Amino acid sequence: MALLELRNITKRFGRLEAVKEVSLAIEAGEFFTLLGPSGCGKTTILRMIAGFDAPDEGELFLDGKPLSGIAPEKRPVHTVFQSYALFPHLTVAGNIAFPLEMIGRPADEILQRVRETLELVHLEDKGSAFPHELSGGQKQRVALARGLVNKPRVLLLDEPLGALDAKLRERMQGELVALQREVGVTFVFVTHAQQEALALSHRIAVMNAGRVEQLDVPEVLYSSPKNRFVADFIGNINVLNCLVAESSPHGLRLNVEGLGEIAAPAHPEIAAGTHGVLALRPEYLRVGPATVQASLKNRFLGTVSEYLFLGDETVYKILLDNGTVLEALVANAAPGRARFHDIGERVQVEWRHDAGVFLLA
Amino acid sequence: MRAFSFWPKGFLQCFLKGDRLTRWLVTLPPSLFLVIFFLLPSLIMVAASFREPGEFGGLAPLAERGLTLEAYRFLAEDIIYLWILAKSFLVAGLTTLFCLLLAFPVALLIARSPKRQRDFLVLLVILPFASNFLIRIYAWIMILGPMNLLYSPVAVILGMVYVHLPFMVLPLYTNLEKHDPALLEAAQDLGAGAWTRFWRITFPLSLPGVFSGAALVFIPVLGMFAVPELLGGTGDILIGNLIKEQFLDNRDWPLGASLSLGLTAAVLGVAALSAVLTRRRTGKLGAGT
């Protein structure tokens with residue numbers, strides 16, 4: 001049985017349906033992420049789990065017991081707020097002790113557990129500091145410590161890394177994963193940053209306009225997006241408009257207007273004659289001089305129209321002869337040679353016949 | 001910018017000095033005003049308290065009678081003055097307490113109202129100022145008279161609370177309005193019920209507002225003479241009435257001056273205490289998230 005279950009949850013604000021018939025089952029010990037653009041309903045779901053909002057339809061279950069009617073202060077669920085919401089008039093230790101005081105633990109036990117939790121988040125020497133004396137990353141860790149100190153069944157994290165700068169954010173991601181593994185508390189994490197979601201989560205629910213578009217492990221979400229939204233939202237992706245010429249268990253034959261035929265992985269639900277797109281990740285594409293004999297069957301000619309040098313990689317924008325622009329990600333693996341192609345150069349783009357996903361337009 | 005500048009060298013320095021001059025020009029008039037109309041009169045009061053009273057009011061000529069500690073000796077000998085000062089402190093303290101108890105829910109209500117309504121509600125709080133102070137007090141005479149409450153300590157405190165309530169509501173509201181609602185959600189999320197949330201979060205965070213509101217009520221109440229005179233009758237004179245009497249009825253300016261200085265000292269003491277308490281609190285609260 002799932003630890004936390006959402007059954008057909010709908011939530012309206014006035015005429016706006018913020019969450020539409022969402023069902024989720026979150027397992028104990030999982031690092032579960034709700035990923036989506038702002039306004040997709042992910043924070044509303046978090047607030048319903050915390051108890052600040054009640055669903056208009058459907059029910060939430062914790063350990064199989066319904067949560068409706070249980071006040072937020074009575075739920076064994078804690079939240080790490082985006083703004084951290086540390087109590088400014090209490091010290092770091094006072095903040096962390098707060099939830100323990102609320103359940104009336106004896107003073108010596110509180111002291112002991114506050115000390116342990118401070119160690120857990122590497123803030124042993126900050127117990128007597130006030131929140132305004134801390135850096136952003138330290139505040140973040142206090143907020144985590146405060147949420148974890150009395151071992152909630154579920155810890156909800158509402159874009160907790162949103163306020164940190166890029167470098168610190170990366171480090172906190174690592175700490176967050178390690179922390180979750182160490183304490184074993186179930187994390188429900190909300191973010192709009194797809195990379196963060198891919199890096200941290202066991203499973204991700206991609207949300208859009210109040211609905212779950214796809215729920216899966218990061219690897220599957222990335223390589224087999226179910227629809228255009230998920231494909232666009234997670235990572236970068238190229239789309240080639242095409243018509244299915246033939247569909248067989250061995251693969252699809254696709255006709256790209258103005259360019260010719262290509263092969264794509266099999267898709268049992270797609271019949272010949274369907275219009276759609278082939279979605280290709282930039283790193284699946286190989287770029288080479290147009291003059292060299294192609295090794296793969298999926299091959300188009302084009303012109304380099306732009307490039308972005310990223311240090312470890314270079315992104316080439318290649319204008320195909322039918323007007324489509326493809327982005328190719330090329331690793332700068334050759335020492336001393338950062339780039340291989342110049343703007344205006346004729347190149348060929350090729351990719352394996354088992355790369356990419358056919359999606360309905 | 002510098003490269004294209006055609007101003008002679010050192011112009012910038014001159015300009016900055018000019019900026020300092022501007023600052024002086026701006027701050028000089030209010031400073032002068034305070035020196036002439038606050039500092040000098042206060043010094044005159046100090047001087048007056050060491051003189052002899054004149055035969056028909058005012059002060060006796062300095063050349064004939066010289067300086068004396070007579071007024072202070074007079075105050076020190078009669079315990080009644082200390083008693084009246086203590087009573088005034090008690091009335092001011094009670095007034096402050098009742099104002100706080102009444103103002104807190106009001107300020108909290110306004111601070112948690114939708115943004116569009118807040119300005120209107122604040123306007124309602126200060127609306128009584130639109131009608132004359134004395135008229136409002138006379139209205140209380142009409143209300144309290146038939147209830148047999150007129151000319152009692154209850155009437156005095158009631159009138160004082162009524163007059164000073166807005167001075168408590170406004171600083172409290174200003175403070176409460178700035179509270180981050182996420183703090184209360186966080187407290188609730190971490191297991192705090194409504195009562196605990198108030199006492200552990202809202203109230204401690206509101207203390208700077210409580211202190212400034214208390215100072216704004218306590219200090220004026222201490223010197224107030226109109227309310228006790230109109231609502232309190234003869235039996236309930238406070239330090240303010242006493243001072244007024246020395247100047248207008250008894251014509252003993254030195255005694256009035258010395259009483260007034262004693263009150264000023266007491267008020268300054270309270271203000272200093274309040275400032276210290278506020279600073280100690282805001283030191284911790286200043287930089288909220």
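Order of the sequence lines fixes the chain letters, A, B, ..., with proteins taken first and strands second; residue numbering starts at 1 for each chain. Not measured: the values here are computed from a predicted model.
More than 12 heavy atoms of other residues, nucleotides or ligands lie within 6.0 Å of CZ in B/Arg136, so this atom counts as buried by the packing criterion. For CZ of B/Arg118, the number of neighbouring non-hydrogen atoms (other residues, nucleotides, ligands) closer than 6.0 Å is greater than 12.
Under a 3.5 Å cut-off, the side chain of A/His89 and the backbone N or O of B/Arg200 do form a donor-acceptor pair.
Heavy atoms of A/Leu90 lying under 4.5 Å from chain B belong exclusively to its side chain. Residue contact with chain B, scored on non-hydrogen atoms closer than 4.5 Å, is absent for A/Val149. Looking at A/Gln82, neither its backbone nor its side chain comes within 4.5 Å of chain B, counting heavy atoms on both sides.
In terms of heavy-atom proximity, B/Ala186 sits nearest to A/Arg146 at CB-NH2, 3.7 Å. Between B/Ala182 and A/Ala85, the closest heavy-atom pair is O-CB, 3.7 Å.
Rounding to the nearest 0.5 angstrom, the gap separating the CZ atom in A/Phe87 from the CG atom in B/Leu183 is 6.5 Å. Distance check: A/Met102 CE to B/Asp189 CG gives 12.5 Å after rounding to the nearest 0.5 Å. Atoms CG and OG1, from B/Leu190 and A/Thr79 in turn, are 8.0 Å apart once rounded to the nearest 0.5 Å. B/Asp180 contributes atom CG, which lies 9.5 Å from atom CZ of A/Phe81 (distance to the nearest 0.5 angstrom). Distance CD/B/Gln188 to CZ/A/Arg75: 10.0 Å, rounded to 0.5 Å.
At a heavy-atom separation below 4.5 angstrom, chain B is approached by A/Arg47, A/Ala50, A/Phe52 within residues 45-69 of chain A.
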